[in-house]
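Values in this document were obtained by computation on a predicted structure and should not be read as measured data.
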Amino acid sequence: MSEAVRVIYIMGAGRSGSTLLDTVLANHPDVVGVGELVNLHSAGWTSNEVCACGQLGTECSFWTRVREAWQQRVPQATVDGYVALQKRIEFYSGLGLLQIARMLRQRISPTSEFQNYLEQTEALYQAIAEVSGKSVVVDSSKHPLRGALLAHLKGIDLRLVHLVRDARAVTWSRKKALEANKPSGVQTAIKPRSAWYSVAYWAFVNVLSLIICLFRCRQSLRVRYEDFVAEPQVQLERLGRVCGLDYSATAQALL
């Protein structure tokens, strides 16, 4: 059996600074940051969106090797098949009550579909660790349910980081419309959201994240975005303790 891959999973509301935190945490010799891994199969490999390296998802050498390593570990898996599993198990709309109920039921009596999802997801993280040569993967997908699902993976050493940004800042950010600009990372146009919708979204996601962290209190940490920006050295020390990493060099570089 291969050694467990340590995964630092960042969850919380969108527009909370997860990209910044991902980038800083990945600035460690043992860590690889992969952004919002939840979108890899649908956006990177199906829609062929632009990777952070500037290449199309299907042309990026790193993700091409990851895909090959992933499918070697789970030969029965396909990109379209995994996207379908995500839609049924992981993604949610509204309050996500249906997916939460399904997940609770799966803990008691897991279906073959659920087991396939877990096997393929675990294989993905292992493939990333193999190709990157890193022992720790930072995933800033943010979806709370994905964080709960990752806790089922025996081959994953999971550490949860609940990133919280002031609701007013998130609401203001989500009120802005963004035009599609693939070179800058905006793959499709983003419509503005109303204040009431953003506040409700912020509250729901953060409450759900808080509940999930309660079940893994020793392997989880809540970080306020404002604190991270104001005192990154202090917050990196906290993160290092929970994640089992020494971030002193990174903290020193931020002085």
Side-chain angles (χ1 to χ4, degrees), residues 4-40 52 90 92 96 100 103 121-122 124-126 128-129 132 134-153 155-167 169-170 173 201-251 253-254:
V5 177
R6 186 171 304 168
V7 174
I8 302 173
Y9 185 75
I10 302 172
M11 61 183 178
R15 312 288 181 91
S16 292
S18 61
T19 301
L20 172 64
L21 182 58
D22 185 319
T23 301
V24 174
L25 292 179
N27 191 28
H28 186 288
D30 298 327
V31 179
V32 58
V34 294
E36 297 181 8
L37 192 63
V38 66
N39 298 321
L40 173 63
E90 184 175 350
Y92 61 88
I100 292 173
M103 186 177 67
T121 302
E122 183 174 306
L124 178 61
Y125 287 102
Q126 291 172 339
I128 291 170
S132 67
K134 310 291 186 179
S135 59
V136 183
V137 177
V138 177
D139 179 358
S140 56
S141 294
K142 296 188 289 296
H143 294 201
L145 280 185
R146 183 177 178 87
L149 289 164
L150 293 183
H152 288 76
L153 306 184
I156 296 298
D157 176 13
L158 181 64
R159 312 298 167 97
L160 295 171
V161 177
H162 178 197
L163 181 63
V164 184
R165 188 181 184 186
D166 189 298
V170 172
S173 177
Y201 157 77
W202 180 94
F204 169 71
V205 170
N206 283 304
V207 169
L208 185 56
S209 297
L210 178 61
I211 292 171
I212 291 169
C213 285
L214 288 176
F215 288 95
R216 299 185 65 87
C217 57
R218 293 185 179 180
Q219 293 83 35
S220 65
L221 179 68
R222 183 166 67 99
V223 176
R224 291 182 68 249
Y225 172 77
E226 291 78 11
D227 291 342
F228 185 76
V229 173
E231 46 182 20
Q233 294 81 14
V234 174
Q235 300 307 317
L236 280 172
E237 183 178 350
R238 295 178 67 224
L239 286 159
R241 287 198 297 268
V242 170
C243 299
L245 295 167
D246 180 5
Y247 274 106
S248 57
T250 304
L254 293 174

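Between R216 and A151 the shortest heavy-atom distance is NH1-CB, 3.9 Å.
Counting only heavy atoms from C-beta outward, the side chains of L160 and M11 approach each other to under 4.5 Å. The shortest distance between side-chain heavy atoms of F228 and L236 falls below 4.5 Å. Looking at Y225 and D166, their side chains never come closer than 4.5 Å, going by heavy atoms from C-beta outward. At least one side-chain heavy atom of Q233 sits less than 4.5 Å from a side-chain heavy atom of L254. Put simply, the side chain of Y125 does not reach to within 4.5 Å of the side chain of V34, judged on heavy atoms. With a 4.5 Å cut-off on side-chain heavy atoms, V7 and L153 do not count as touching. Side-chain atoms of L21 and L239, non-hydrogen and from C-beta on, do get closer than 4.5 Å to each other.
At least one donor-acceptor pair under 3.5 Å links the side chain of Y201 to the backbone N or O of G14. Side chain of R222 to main chain of C213: no donor-acceptor pair is present (N/O by atom type, distance under 3.5 Å, no hydrogens or angles). With S209 contributing its side chain and P144 its backbone, the two residues share no donor-acceptor pair below 3.5 Å. Side-chain atoms of H28 come within 3.5 Å of backbone atoms of D246 as a donor-acceptor pair (strictly under, hydrogens ignored). Although no hydrogens or angles enter the test, the distance criterion places a donor-acceptor pair under 3.5 Å between the side chain of S140 and the main chain of G35. Checking side-chain atoms of S16 against main-chain N and O of L163 turns up no donor-acceptor pair under 3.5 Å. Within the 3.5 Å criterion, the main-chain N or O of A148 finds no donor-acceptor partner in the side chain of Y9.
One finds the CG atom of L150 at 7.0 Å from the CD1 atom of I156 (value rounded to the nearest 0.5 Å). Interatomic distance, NZ of K134 versus CZ of R6, reported as 14.5 Å (0.5 Å rounding). To the nearest 0.5 Å, atoms CZ (R159) and CG (D157) are separated by 4.0 Å. C243 contributes atom SG, which lies 3.5 Å from atom CD1 of I8 (distance to the nearest 0.5 angstrom).
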V164/W202 under side-chain contact (heavy atoms from CB on, under 4.5 Å): CA gap, chis, key distance, verdict: CA-CA 9 Å; V164 184; W202 180 94; 3.9 Å; yes
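For R238, the CZ atom is densely surrounded, since the number of other residues' heavy atoms within 6.0 Å is greater than 12.
Screening L37, L40, D139 for a side chain to side chain contact (heavy atoms under 4.5 Å, CB included) with I128, the sole residue that qualifies is L37. A side-chain hydrogen bond (donor to acceptor under 3.5 Å, both in side chains) with E36 is found for one member of R146, H143, K142 and no other, namely K142. With respect to L208, the side chain to side chain contact (heavy atoms under 4.5 Å, CB included) criterion is satisfied by exactly one of L210, N206, V205, I212: I212.
Take D30 and apply the salt bridge (charged side-chain N to carboxylate O under 4.0 Å, His left out) test, not counting sequence neighbours, and it matches no residue.
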